[in-house]
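Quick notes on the structure that follows.
In this text, all values refer to a predicted model and were calculated from it rather than measured experimentally. For the numbers below, each heavy atom of this structure counts, side chains included, while hydrogens, waters and symmetry mates do not.
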Amino acid sequence: MTTRVIIVDDQAMVRAGFAALLAAQSDIDVVGEAPDGAQGVELSRRTHPDVVLMDVWMPEMDGLEAARRLLEPAPGVTHRPRVLMLTTFDVDDYVYEALRAGASGFLLKNAPPADLIAAVRVVASGDALLAPSVTRRLIADFAKQRPAVRGKPALRLKGLTERETEVLTLVARGQSNGEIAQTLVLAEQTVKTHVSRVLTKLDLRDRAQAVVFAYESGLVAPGE
């Protein structure tokens with residue numbers, strides 16, 4: 001199955017470089033490029049990509065606002081791509097807000113080519129790009145600056161079973177399904193089922209939002 005990708009970045013050389021790299025992969029098809037968020041949203045509406053590589057800082061409309069429009073579309077718009085944020089800095093308030101909005105992770109622009117290719121495949125598969133320590137650090141850093149919200153987020157945790165709460169805790173600590181399976185001595189497919197139920201019960205789109213929710217609800221504390 002081919003993954004359809006668009007690249008949204010205000011630097012033409014960055015777009016060209018990423019496009020050439022990704023287009024060389026047999027399972028990835030670059031279906032368009034855009035120089036700003038507004039054009040990126042319009043392009044996504046027309047081409048229906050699986051993954052949008054979205055720069056954070058752009059003129060006209062920045063990546064955060066564009067991600068919000070793609071991930072929380074207006075009534076009547078059914079297509080919602082996976083969004084992978086691109087940034088020059090490993091700690092960026094905009095990236096954190098994008099994760100809260102439903103972006104599937106972020107990648108540094110100077111990451112090795114193999115990391116970019118792998119990131120697109122991971123996000124396209126429905127997983128969130130949370131394994132790299134830099135992503136966990138970003139979420140933890142911003143969680144420190146924002147005290148846990150003990151109201152509605154904490155109350156929503158009560159709808160989870162004890163096992164689902166354990167799984168969410170390990171997801172928030174950056175463990176993959178395989179690692180969680182080993183930790184809890186479960187089959188990996190069972191872990192996938194638990195993760196799916198957690199996302200459904202908490203009305204979260206993916207693992208990225210689950211991690212943010214776990215920190216903000218107080219289930220996981222930064223530094224644990």
Side-chain angles (χ1 to χ4, degrees), residues 1-87 94-109 111 113-131 135 192 195-196 199-200 202-212:
M1 181 177 176
T2 300
T3 297
R4 295 167 56 82
V5 177
I6 67 171
I7 303 165
V8 185
D9 193 294
D10 62 331
Q11 294 180 291
M13 290 185 65
V14 171
R15 297 198 306 271
F18 284 1
L21 178 64
L22 294 173
Q25 311 307 308
S26 61
D27 59 335
I28 298 175
D29 184 15
V30 179
V31 296
E33 304 173 23
D36 61 60
Q39 293 185 53
V41 171
E42 192 277 330
L43 178 63
S44 179
R45 297 276 191 264
R46 286 192 289 106
T47 60
H48 289 189
D50 300 300
V51 177
V52 176
L53 294 181
M54 182 78 72
D55 187 22
V56 173
W57 298 104
M58 291 181 291
E60 303 299 329
M61 179 188 293
D62 63 28
L64 176 57
E65 178 59 27
R68 284 175 175 154
R69 295 194 184 191
L70 292 177
L71 297 168
E72 301 172 7
V77 178
T78 58
H79 178 254
R80 292 204 307 175
R82 300 281 175 178
V83 176
L84 179 60
M85 305 302 295
L86 301 170
T87 181
Y94 270 57
V95 178
Y96 178 83
E97 294 300 333
L99 291 175
R100 294 187 68 190
S104 295
F106 82 102
L107 190 70
L108 296 179
K109 284 188 178 182
D115 286 2
L116 172 64
I117 296 168
V120 169
R121 289 171 176 158
V122 166
V123 170
S125 72
D127 289 330
L129 196 66
L130 293 175
T135 303
K192 290 181 180 179
V195 171
S196 178
L199 297 180
T200 298
L202 298 177
D203 192 26
L204 303 171
R205 184 176 183 194
D206 58 21
R207 296 169 80 99
Q209 284 194 318
V211 172
V212 172

Which heavy-atom pair separates Val30 from Ala23 by the least distance, and what is that distance?
-> CG2-N, 4.0 Å

Taking C-beta and beyond as the side chain, do Thr3 and Met1 meet within less than 4.5 Å on heavy atoms?
-> no

For the residue pair Asp36 and Asp10, establish whether any side-chain heavy-atom pair is separated by less than 4.5 Å.
-> no

Leu70 and Val41, any side-chain heavy atoms less than 4.5 Å apart = yes

Leu108: which of Leu116, Asp115, Thr87 passes side-chain contact (heavy atoms from CB on, under 4.5 Å) = Thr87

Any donor-acceptor pair under 3.5 Å from Asp29 side chain to Arg4 backbone = no

Mark yes or no for whether Ser44, through its side chain, and Gly40, through its backbone, hold a donor-acceptor pair below 3.5 Å.
-> no

Measure across Ala67 and Val83 and return the closest heavy-atom pair with its distance rounded to 0.1 Å.
-> CB-CG1, 4.2 Å

Might you work through the side chain to side chain contact (heavy atoms under 4.5 Å, CB included) test for Leu202 and Gln209, ending with a clear yes or no?
-> CA-CA 10 Å; Leu202 298 177; Gln209 284 194 318; over 6 Å; no

Could you pull out all residues at least two apart from Arg80 that satisfy salt bridge (charged side-chain N to carboxylate O under 4.0 Å, His left out)?
-> none

Side chain to side chain contact (heavy atoms under 4.5 Å, CB included) filter on Glu65, not counting sequence neighbours, yields Met61, Asp62, Arg68, Arg69

Looking only at heavy atoms, what is the nearest atom pair of Leu204 and Ala210, with distance?
-> CD1-CA, 3.6 Å

Can you name the salt bridge (charged side-chain N to carboxylate O under 4.0 Å, His left out) partners of Arg15, sequence neighbours left out?
-> Glu33

Do any pairs count as a ring pair (Phe, Tyr, Trp, His ring centres under 6.0 Å) and have a residue in residues 62-81, sequence neighbours left out, and if so which ones?
-> His48-His79

Residue pair Leu22, Ile117: steps toward the side chain to side chain contact (heavy atoms under 4.5 Å, CB included) verdict | CA-CA 7 Å; Leu22 294 173; Ile117 296 168; 4.2 Å; yes

Heavy-atom nearest pair, Leu107 first then Ala119, reads CD2-CB, 4.2 Å

Mind checking salt bridge (charged side-chain N to carboxylate O under 4.0 Å, His left out) for Asp27 and listing every partner two or more places apart, or none if nothing turns up?
-> Arg121

By salt bridge (charged side-chain N to carboxylate O under 4.0 Å, His left out), which residues pair with Glu42, not counting sequence neighbours?
-> Arg46

Rounding to 0.5 Å, atoms CE (Met58) and CD (Gln11) come to a distance of 11.0 Å

Can you measure from CG (Leu84) to CE (Met54) and round to the nearest 0.5 angstrom?
-> 10.5 Å

Verdict with reasoning, Val120 to Leu53, per side chain to side chain contact (heavy atoms under 4.5 Å, CB included) | CA-CA 8 Å; Val120 169; Leu53 294 181; 4.1 Å; yes

Can you check whether Phe18 reaches Asp9 side chain to side chain, under 4.5 Å on heavy atoms?
-> no

If you take all heavy atoms of Gly32 and Leu43, which pair is closest and at what distance?
-> C-CD2, 3.6 Å

